[in-house]
There are 2 protein chains.
Amino acid sequence: MLKFAAMMTATAPAVDTPSETESVLLQIRRKGARATPARIRVLLLLRAAPAALTHHEIEQALGDRMLDRVTLYRVLDWLVVRGLAHRSTDAQRAFRFSAAAAGEHGAHTHFRCDDCGRVFCLDSAPPAAPSLPAGFSLSRIEFDLRGRCAECARG
Amino acid sequence: MLKFAAMMTATAPAVDTPSETESVLLQIRRKGARATPARIRVLLLLRAAPAALTHHEIEQALGDRMLDRVTLYRVLDWLVVRGLAHRSTDAQRAFRFSAAAAGEHGAHTHFRCDDCGRVFCLDSAPPAAPSLPAGFSLSRIEFDLRGRCAECARG
DNA sequence: GTGGCAGGTGCAACCATGTTGCATCTGGAG
DNA sequence: CTCCAGATGCAACATGGTTGCACCTGCCAC
């Protein structure tokens, strides 16, 4: 599959404009935590990414000056716990991370490519939930479309 | 979480009535493969299960006379490839397996319990897909509801 | 500014889940 | 009953994620 570095330069050449960095820094501080380079860089990456990324893709994208594997996991965990990022599992049973939208979307429509495994967030809202068996309580809805993304279909 | 052995006795005391066994045996033979005890036992289990099971839960349910770990993986793979079972990944990034319905459902509504991780197949059909970005092709739709199952909500 | 320390980072070892290679065994066709 | 393609079991490996612990550093108080 396409390296994320390539995706980034193709779709978002300026990842850390001052305003973006500042916004991210504030977002982190507001959670009452230290704004470390690791958190800032990772969150900037996620916000600039066109799709949910795996741990590995993030490592790639950080290039040189790579974070420790474990630190990256911990940063991602932290982001998820604080609600700044979302985590889901892909078909290859690996976690994928994406930045949480400012407003936040309780429900979600995704497209997952069966070929490259990437996950794309679609705009359209999923439909209302059907009725559940007795005793079940609903907290979230996920609407997943599967198939091939434009890139893999072309190749 | 609830052990599958308990689930089974609670909900389906007679797992392998002659007719069920025969039906399963036929299903396997029709795929042009050998009807081995491993395949028969696993498929019977899946058909009797009220929810999608992990590899581990299936091992538990087989109790004594347990299959080799690898054999179980291979049996499950085989069932999936032949279309007799479905495979999905749960929130704990493990695979879950369920018997394919006789008629087969191309699209699917699931309920996943955030507590115990179990997956329940709901009857209601998911809604139609929204429009996709250019170049994307759709092969399957998954409608996932998250929350707590009746059992975990009660506990 | 600068000191101190809660909180963040890096390293090494570990765990869970799934896969591969290969020798041995067996269902079922003939 | 015999035979062998196909199924099984074992051991080793791969991948993705987690834990424990010593060391480092933002950032607040001063």
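Order of the sequence lines fixes the chain letters, A, B, ..., with proteins taken first and strands second; residue numbering starts at 1 for each chain.
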Answer yes or no: is there a side-chain heavy-atom contact under 4.5 Å between [X] and [Y]?
{"X": "B:I28", "Y": "B:W78", "value": "yes"}
{"X": "B:R93", "Y": "A:Q92", "value": "no"}
{"X": "B:L72", "Y": "B:L76", "value": "yes"}

Do A:R146 and B:E142 pass the salt bridge (charged side-chain N to carboxylate O under 4.0 Å, His left out) test, and can you show the C-alpha distance, the side-chain angles, and the key distance before you say yes or no? CA-CA 8 Å; A:R146 307 295 192 87; B:E142 238 160 70; 3.3 Å; yes
Find the distance [X]:[atom1] to [N]:[atom2] and express it as a whole number of Å.
{"X": "A:L67", "N": "C:dC11", "atom1": "CG", "atom2": "P", "answer": "11 Å"}
{"X": "B:R87", "N": "C:dT17", "atom1": "CZ", "atom2": "P", "answer": "15 Å"}
{"X": "B:D90", "N": "C:dA16", "atom1": "CG", "atom2": "C1'", "answer": "12 Å"}

Contact letters for nucleotides 24-30 of chain C, in which S counts primed atoms plus P, OP1 and OP2 and B counts the base, heavy atoms under 4.0 Å: --BBS--
Can you name the residues that form a ring pair (Phe, Tyr, Trp, His ring centres under 6.0 Å) with B:F111, not counting sequence neighbours?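 With neighbours one apart ignored, the set is A:F136.
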Let me confirm one number: the [atom1]-[atom2] distance from [X] to [Y], rounded to the nearest 0.5 Å.
{"X": "B:L67", "Y": "B:R74", "atom1": "CG", "atom2": "CZ", "value": "12.0 Å"}
{"X": "A:Y73", "Y": "A:D68", "atom1": "OH", "atom2": "CG", "value": "11.0 Å"}
{"X": "A:T21", "Y": "A:L44", "atom1": "OG1", "atom2": "CG", "value": "5.0 Å"}
{"X": "B:I58", "Y": "B:R96", "atom1": "CD1", "atom2": "CZ", "value": "9.5 Å"}

Does the side chain of A:R87 pick up a donor-acceptor pair with the side chain of A:S98 at under 3.5 Å?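 On atom types as modelled, these side chains do not qualify, holding no pair under 3.5 Å.
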So what does A:R93 touch, heavy atoms closer than 4.0 Å: a base, only the sugar-phosphate, or nothing?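 Base: the residue A:R93, judged by heavy atoms under 4.0 Å, touches a nucleobase.
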How would you label the contact of B:H55 with the nucleic acid (heavy atoms, under 4.0 Å): base, sugar-phosphate, or nothing? sugar-phosphate
Using the heavy-atom set of chain B and a strict 4.0 Å cut-off, write down the first and last nucleotide of DNA chain D that makes it in, 5' to 3'.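 Contact boundaries, 5' end first: D:dA5 to D:dG17.
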Would you work out how much the helix from C:dG1-D:dC30 to C:dG30-D:dC1 bends between its ends, with each end axis defined by five base pairs, to 10 degrees?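 That helix gives 30° between its end axes.
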Using modelled atom types and a 3.5 Å cut-off, is there a donor and acceptor pairing between side-chain atoms of [X] and backbone atoms of [Y]?
{"X": "B:R39", "Y": "B:R34", "value": "yes"}
{"X": "A:H55", "Y": "A:R69", "value": "yes"}
{"X": "A:R148", "Y": "A:C113", "value": "no"}

Are any protein N/O atoms closer than 3.5 Å to N/O atoms in nucleotides 1-4 of chain C? If there are, list each pair with its distance.
none

With a 4.0 Å heavy-atom cut-off, tell me which residues in residues 69-80 of chain A come close to DNA chain C, sorted by residue number.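 Close to the strand are A:R69, A:V70, A:T71, A:R74, A:V75.
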What I want to find out is whether B:D144 reaches B:R112 closely enough, with some N-O distance under 4.0 Å, to be called a salt bridge. yes
Determine the minimum heavy-atom distance between A:A35 and A:R29, stating which atoms define it.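 Residues A:A35 and A:R29, closest heavy atoms: CB-NE, 4.0 Å.
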